[in-house]
Amino acid sequence: MSEQTPEATKDVTMETVAAASAQPSVAPELTAKRSAIAALLSGELDGSAMNDDAFLQLFDTKVSTLKADDMVHGTVVSVTKDEILVDIGFKSLGVVPRAEFVGAELLAPGEVVDVFVEKIEDGEGRLMLSRRRADFMKTWEEILKLAETQTVTQVRILRRIKGGMVVDLLGIEAFLPGSQIDVRPVRDFDAWVGRTIDVRVVKVNHPSENVVVSHKVLLEEQLAEQRGKILEMLEKGLVLEGTVKAISDFGVFVDLGGVDGLVHITDLSWGRVAHPSEIVTLDQQVKVVVLDFDENRKRISLGMKQLTSHPWDQIGEKYEPGTKVRGKVVSLTDYGAFIEIEKGVEGLIHISEMSWTQHVKHPSQVVSLGQMVDAVVLNIDKGERKLALGMKQLEPDPWNDLMAKYPIGSVHKGAVRNLTNFGVFIELEPGVDGLVHISDLSWTKKIRHPGEFVKKGDEIDVVVLAVDNEHRRISLGHKQISENPWDIFEGEFGVGTETEGKIVRLIDKGVIVEMPQGVDGFVPVSQLSFAPVRNIAEFFNAGDNLPLKVVEFDKEQKKIVLSVVEYLRTRSAEEVATYNANHPVPNADKYNADGSASGATTIEDLEDSEPIAE
C-alpha cells in the first residue's frame, strides 16, 4: 500500500502542490495549518508511523463519508490564474473556479474556507467544489430559519415583474406577490421600486429554491389590533376619518384603519349623485359618521351627507310662489321632469306645466337630461320637502287671447294632426289644437272612423263651435261649413219617394247605399229581396245599383230607411225577374210582385223559406 501511494498522487496537482510548498512567502503559522495529506505529499510528514491498514481505513472513511451536495470546510492549497485548489481531506484536491471568490487575489495558501461539493468526479476525474454555492447554502439556511421562526426581516424591492415584485432577501432574489404588498389594492407598482420594507417569509420551495415573502401579513397583524379597538368603540353617530378604498356603482368603501365601512351612494350628498366618483376619489381622506353597525355580520353603514345640515333646513323664504329659479334637469319620468335648483333641493315640473298650448305626452319632448332650464315656483311644501315648478308660466297665457282670435262661428283652415276613434284633432296654429267630433265631420255620411273621411296631414275647413277656456278645449265642426241639407232632403226623400242608390258598404243587418246628393241611406236585409237573404255578400256587392223606395225618414236622427221590396211591388213581372236575375237569391222567383207565393211554389219551397219581415 505504501508503495502505491506515491503513484496515486502523481496527477496534475502534484507539481502544483510541490511548487506551493517551496514558496518562501508562506508564513510559518500558515504552514502549520496545512492538512496531513498535503504535508505527506510534500514529504514533511513521516508516513512510517502509520501502517497500511491504518492508512487504508482512514482513506476509506474519507471517501465513504464525502458525497455531492455536502457543505465542507477546506484549506486553500494553491491559487492559480483560473482555479483555486482546496484540500477538504479527500483523496485528491478540490477545484474551485477563481471567479467564484470575491477578492481571490487576497487568498493565501493555508486559509480555511467553506465550499460546496458539486461533483465527486467530473469528466477529467477532478473533485469539483463551489464557493458561490456554499455562500448560497449558508444564506438558504438563514432563510429556512426565518421561515421556520416567522421572523420579520427587511428586503429591498429591486424591480417589477408580472404578478408582483422581485426583492433582495439576504442577497437572494425572492418574490413578493402584488396581492401581498399592501392591504389595499396597489395602483402604482412602480412607486414601490427601490423601497426597503419589512416582510415575513411565507413560502419556501426547496426543489426550485424559490422564496415568497409578504408585507401584507405584517400590516394585517397591525390592523387586527386596530380593528379590535375600533369595533369596541363603534356606535351610531360616531364621526371617524378614513381613506377611500374602493368605489363601486352603489357606493364607496372606506378604510377606517383595519375596518371597512360602506357609504351608500344615497348617503354621499343631499343632492342627486349619478356615480360616487362625482363626489370622491380613490385614496382620498374623508370624514364619515356611523349610521348603523351590524355586530354579528361586522357590517358598518357610513354616511357623509349627514355631517352637514339638509339644504331644506336652510331654505328659509328663498323659494316662495312666483319666484323665478334656474336649475339642471336631473331626472325624467312619464309625468314630468325633476329640476335641481341647488344641491339637495329639487322641484318637479309636471308635463301639464311645460306648455300652454302644446300637448306634451312626455317631458323629453320639451327638455333633456342635464339641460339648464328656467322655471317659476308654483307651490312649496316645506314639511314634505316638495317644490312644484312651471315653465309655461314664464310666458303669457295665449288662451287669454284665443276667445278673441277664434270666436264661435268663425271659419278657419287647419291641418289634421291626429286621428282617434271619436274624432279628428285639427291644428289651427302651432300649439293650438281643436277637436272635430266624428259626428261633426259630415251631414250625410255614416262614418265609422275618421280615417274613412280624412288622412293625417290633410287641410280642411272648420268652424269654431265652442271654446272652453277653463279646460283649454276648442270644439270644431267641419260639416257646419255648409248648410244643413236635411231640410232639403225632407222634401226630396219623403216616405214613398222612389229613388236609387249605390251600395257603399255591407253590414250584418243590411247595406248602406249612397243616394243622390251624396246622402247615405239604409236598406235592411229583409228589404233586399222577397225571399230570405241568408248571406248578403253572396248576392250583393259594393258598387251595385239598387232601385229603392223610401219607407222611413227621420230628420232629427238624420236617418233614411229604404226598401227594394216595396219598390218592386208596383213593378211588372219582367222588371222583378230582371232584378232577381242580377241578385239570384234562392226562391226569389217563387214570389209574386205583391209578395205572395206563386202557383209554382211547392210546400218544400215554403218550408225552406222564412217569412218576410214587415
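Sequential numbering from 1 along the given sequence is applied to the chain's residues. Side chains are part of it too, since the values below use all heavy atoms of this structure and drop only hydrogens, waters and symmetry mates.
Taking the side chain as every heavy atom from C-beta outward, Leu387 and Ile341 approach each other to under 4.5 Å. In this structure, the side chains of Ile339 and Lys328 stay at 4.5 Å or more apart for every pair of heavy atoms. Contact annotation: the side chain of Leu528 approaches that of Leu546 to within less than 4.5 Å [non-hydrogen atoms, C-beta and beyond]. Under the 4.5 Å side-chain criterion, counting only non-hydrogen atoms from C-beta, His310 is in contact with Arg385. Using a 4.5 Å heavy-atom cutoff, the side chains of Val513 and Val504 are not in contact. At least one side-chain heavy atom of Val436 sits less than 4.5 Å from a side-chain heavy atom of Val462. For the pair Ile503 and Ile512, the minimum side-chain heavy-atom distance is 4.5 Å or more. Within the 4.5 Å cutoff, the side chain of Val263 has heavy atoms near those of the Met304 side chain.
The two residues Ile279 and Ser269 come nearest to each other via the heavy atoms CD1-CB, 4.3 Å. Closest approach of His350 and Ser352 over heavy atoms only: ND1-OG, 2.9 Å. Counting all heavy atoms, side chain and backbone alike, Pro407 lies closest to Val464 at O-CB, 3.5 Å. Here the shortest heavy-atom pairing between Phe253 and Ser248 reads CE1-OG, 4.4 Å. In terms of heavy-atom proximity, Val525 sits nearest to Val533 at CG2-O, 3.7 Å. Across Gly494 and Val550, no two heavy atoms sit closer than the pair O-CB, 3.4 Å.
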Stepwise, does the ring pair (Phe, Tyr, Trp, His ring centres under 6.0 Å) test hold for Phe540 with His583?
-> CA-CA 7 Å; Phe540 298 89; His583 306 283; 4.5 Å; yes
Under the side chain to side chain contact (heavy atoms under 4.5 Å, CB included) rule, what do Trp270 and Trp312 come out as? Steps first, then yes or no, please.
-> CA-CA 10 Å; Trp270 291 114; Trp312 274 90; over 6 Å; no
Check the pair Met391 / Leu389 against side chain to side chain contact (heavy atoms under 4.5 Å, CB included), numbers first and verdict last.
-> CA-CA 7 Å; Met391 291 175 63; Leu389 305 175; over 6 Å; no
Can you check side chain to side chain contact (heavy atoms under 4.5 Å, CB included) on Thr499 and Phe493, steps first, answer last?
-> CA-CA 8 Å; Thr499 183; Phe493 301 112; 4.3 Å; yes
Val202 and Val213: side chain to side chain contact (heavy atoms under 4.5 Å, CB included), yes or no, with the steps?
-> CA-CA 5 Å; Val202 294; Val213 298; 5.7 Å; no
Donor-acceptor pairs under 3.5 angstrom involving side-chain atoms of residues 366-380: please list them, not counting sequence neighbours.
unit_1 : atom_1 : unit_2 : atom_2 : d
Ser368 : OG     : Gln371 : OE1    : 3.4
Gln371 : OE1    : Ser368 : N      : 3.0
Asp374 : OD1    : Arg326 : NH1    : 3.0
Asp374 : OD2    : Arg326 : NH1    : 3.3

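Note on residues 428-438: pairs passing salt bridge (charged side-chain N to carboxylate O under 4.0 Å, His left out), not counting sequence neighbours, are Lys405-Glu429, Arg417-Asp433. Counting only residues at least two apart or on different chains, the side-chain hydrogen bond (donor to acceptor under 3.5 Å, both in side chains) pairs with a member in residues 542-558 are Asp487-Lys555. Applying the salt bridge (charged side-chain N to carboxylate O under 4.0 Å, His left out) test to residues at least two apart or on different chains, the pairs with a partner in residues 334-349 are Arg272-Glu346, Lys318-Glu342. Within the structure, salt bridge (charged side-chain N to carboxylate O under 4.0 Å, His left out) pairs that include any residue of residues 189-198 comprise Arg160-Asp190 (at least two apart or interchain).
The distance from atom CG of Leu435 to atom CD1 of Ile474, rounded to the nearest 0.5 Å, is 10.5 Å. Distance check, rounded to the nearest 0.5 Å: CD of Glu566 to CG of Leu548 gives 11.5 Å. Within the model, atoms CG of Asp520 and CD1 of Ile560 stand 9.0 Å from one another, a figure rounded to the nearest 0.5 Å. To the nearest 0.5 angstrom, Lys236 atom NZ is 11.5 Å from Phe293 atom CZ. Taken from CG in Asp267 to CG in Leu291, the straight-line distance is 5.5 Å, to the nearest 0.5 Å. Expressed to the nearest 0.5 Å, how far CD1 of Ile197 lies from CD1 of Ile157 amounts to 4.0 Å.
Counting heavy-atom neighbours within 6.0 Å of Asp188 CG, excluding the residue itself, gives a total above 12. Surrounding NZ of Lys203 are at most 12 heavy atoms belonging to other residues, nucleotides or ligands under 6.0 Å away. Environment of NZ in Lys479: crowded, with over 12 heavy atoms of neighbouring residues, nucleotides or ligands closer than 6.0 Å.
A distance below 6.0 Å separates the ring centres of Tyr406 and His412. Separation of the Phe422 and His437 ring centroids does not fall under the 6.0 Å cut-off.
Thr420 contributes a side-chain N or O that, together with a main-chain N or O of Gly423, makes up a donor-acceptor pair within less than 3.5 Å. Between the Gln180 side chain and the Pro177 main chain, no donor and acceptor come within less than 3.5 Å of each other. Counting only distance, with no hydrogens or angles, the side chain of Lys305 and the backbone of Thr266 share a donor-acceptor pair below 3.5 Å. Side-chain N or O atoms of Lys245 include none that pairs as donor or acceptor with a backbone N or O of Leu256 at under 3.5 Å. Gln365 places a side-chain N or O within 3.5 Å of a backbone atom of His362 that can act as its donor or acceptor partner.
Under the 4.0 Å criterion applied to side-chain N and carboxylate O atoms, Lys216 and Asp182 are not assigned as salt-bridge partners.
Note on ring orientation: taking the six-membered ring where Trp is involved, the planes of His478 and Phe453 are perpendicular (angle over 60°, cut-offs 30° and 60°).
Checked against salt bridge (charged side-chain N to carboxylate O under 4.0 Å, His left out), Arg159 has the following partners two or more places apart in sequence or in another chain: Glu173.
Between Gln285 and Glu241, the side chains place no donor N or O within less than 3.5 Å of an acceptor N or O (distance only, hydrogens not considered).
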